[in-house]
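Inspection log for the structure reproduced underneath, given as structure tokens.
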Amino acid sequence: KWMLHNPIKKDTLFYGEFNKGFPAGKLVSKKIDGAVELRQEYYPNQHLKKSYSYDNEGIINNVTINDSIGNQIFSEEYYTGGMLKKRNFHTSSSYIHFTVKGDTLAYRLLASSKDSIITRRQFFDGNKLKSDRKYNLTTGEGYLKTYFENGQIQTSHQLNNDKPHGVYQ
């Protein structure tokens, strides 16, 4: 274990558990005023398990969760002030992104690994649908529709291998 102590504030500025010089266990880093800036947890094999970083006000701005071999499973990013900006599910290649107002900006959802259907949608402000794309990873077939901001369909066409195919409508 390794600690760095602030004698004036009587607080720990840094706490870390190490094994042969590498992080193993928990690590916490604080600013001189005592606000937490980073919390991490490690697997026994020294791969990062979880990481939480914070802004100057102590509000969370990033979260990362990894598996025991170091692959990212999940991550989140936040706007200043703590509003969710992005959430990523790396194992399923799914994500959702938000505007600073909290409206959905875009998302991608892999329904399941069995049917391999991916849905991607993008939005204008106010959660108005901008584009809707759905396709099957196995067959490569799907469709894409784009919309004007007033909700009327702008284009509609089929996809083959996630690329435009056929007649635009």
Side-chain angles (χ1 to χ4, degrees), residues 1-4 11-138 140 142 144 146 159 161-163:
K1 293 181 184 181
W2 196 80
M3 293 174 62
L4 178 62
D11 192 14
T12 303
L13 292 177
F14 180 87
Y15 171 85
E17 297 171 355
F18 294 88
N19 183 5
K20 298 180 183 173
F22 295 100
K26 296 184 188 225
L27 183 140
V28 178
S29 177
K30 296 181 181 178
K31 297 183 173 107
I32 195 73
D33 65 1
V36 175
E37 63 182 348
L38 180 67
R39 288 184 192 274
Q40 293 180 328
E41 189 176 330
Y42 289 84
Y43 288 102
N45 65 2
Q46 286 122 3
H47 284 288
L48 182 63
K49 183 177 188 178
K50 298 176 185 176
S51 178
Y52 304 89
S53 62
Y54 302 86
D55 67 13
N56 291 334
E57 286 76 44
I59 299 171
I60 196 154
N61 62 15
N62 278 300
V63 174
T64 302
I65 298 175
N66 299 328
D67 65 16
S68 63
I69 58 172
N71 297 320
Q72 238 180 22
I73 298 171
F74 175 83
S75 64
E76 288 181 335
E77 184 179 333
Y78 294 83
Y79 288 105
T80 303
M83 187 72 112
L84 184 61
K85 182 177 185 179
K86 298 176 184 176
R87 179 173 286 153
N88 296 300
F89 301 91
H90 299 280
T91 51
S92 66
S93 298
S94 298
Y95 62 79
I96 186 164
H97 297 185
F98 298 97
T99 66
V100 73
K101 296 177 185 175
D103 290 338
T104 304
L105 187 60
Y107 74 80
R108 174 182 167 158
L109 175 66
L110 178 59
S112 78
S113 57
K114 286 184 180 178
D115 61 8
S116 302
I117 304 292
I118 288 188
T119 302
R120 279 193 215 161
R121 289 193 173 131
Q122 293 179 311
F123 298 85
F124 292 109
D125 283 343
N127 285 332
K128 295 177 189 168
L129 191 59
K130 184 177 187 178
S131 70
D132 182 18
R133 176 186 294 239
K134 190 176 245 184
Y135 65 97
N136 185 309
L137 289 172
T138 306
L144 171 64
T146 60
L159 299 173
N161 293 322
D162 196 28
K163 299 203 177 1

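- Counting all heavy atoms, side chain and backbone alike, Lys30 lies closest to Glu37 at O-OE2, 4.0 Å.
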Residues Lys134, Ile117; criterion side-chain contact (heavy atoms from CB on, under 4.5 Å); working and verdict: CA-CA 7 Å; Lys134 190 176 245 184; Ile117 304 292; 3.8 Å; yes
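- Side chain of Asp103 to backbone of Gly126: a donor-acceptor contact under 3.5 angstrom is found.
- In this structure, Asn71 and His90 have side chains that are not in contact, with every pair of non-hydrogen atoms separated by 4.5 Å or more.
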Where do Leu27 and Tyr15 land on the side-chain contact (heavy atoms from CB on, under 4.5 Å) test, with the steps shown first? CA-CA 6 Å; Leu27 183 140; Tyr15 171 85; over 6 Å; no
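- Of the possible donor and acceptor atoms, none in the side chain of Asn62 sits under 3.5 Å from a partner among the backbone N and O of Ser53.
- Thr80 is not listed as a side-chain neighbour of Asn61, based on a closest heavy-atom distance of 4.5 Å or more.
- With contacts defined as side-chain heavy-atom distances shorter than 4.5 Å, the pair Leu38/Ser51 qualifies.
- Scanning all heavy atoms of the two residues, the minimum distance from Val36 to Arg39 falls at CG2-NH2, 3.5 Å.
- The CZ atom of Arg87 sits 6.5 Å away from the CZ atom of Phe98 when rounded to the nearest 0.5 Å.
- The structure places CG of Asn19 at 11.0 Å from CG of Asn45, a figure rounded to the nearest 0.5 Å.
- Asp67 and Tyr43 get closest at one heavy-atom pair: O-CE1, 3.2 Å.
- When all heavy atoms of Leu84 and Glu77 are compared, the closest pair comes out as CD1-O, 3.7 Å.
- Residue Thr91 holds its OG1 atom at 6.5 Å from CD1 of Ile73, rounded to the nearest 0.5 Å.
- Within the 4.5 Å cutoff, side-chain heavy atoms of Ile118 are placed close to those of Arg108.
- Side-chain contact between Asn88 and His97 is present, with at least one heavy-atom pair separated by less than 4.5 Å.
- Taking 4.5 Å as the limit, every side-chain heavy atom of Phe89 sits out of range of all side-chain heavy atoms of Leu109.
- Using a 4.5 Å heavy-atom threshold, the side chains of Tyr54 and Ile60 count as touching.
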Taking it one step at a time, do Arg133 and Leu159 satisfy side-chain contact (heavy atoms from CB on, under 4.5 Å)? CA-CA 9 Å; Arg133 176 186 294 239; Leu159 299 173; 3.8 Å; yes
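- Ile65 contributes atom CD1, which lies 6.0 Å from atom NZ of Lys50 (distance to the nearest 0.5 angstrom).
- Of all heavy-atom pairs spanning Gly82 and Ile59, the tightest one is CA-CG2, 3.5 Å.
- For Tyr42 (side chain) and Glu17 (main-chain N/O), no donor-acceptor pair under 3.5 Å exists by modelled atom type.
- More than 12 heavy atoms of other residues, nucleotides or ligands sit less than 6.0 Å from atom NZ of Lys31.
- When all heavy atoms of Phe18 and Pro23 are compared, the pair lying nearest together is CD2-N, 3.6 Å.
- Using a 4.5 Å cut-off on side-chain heavy atoms (C-beta onward), Tyr107 and Thr119 make contact.
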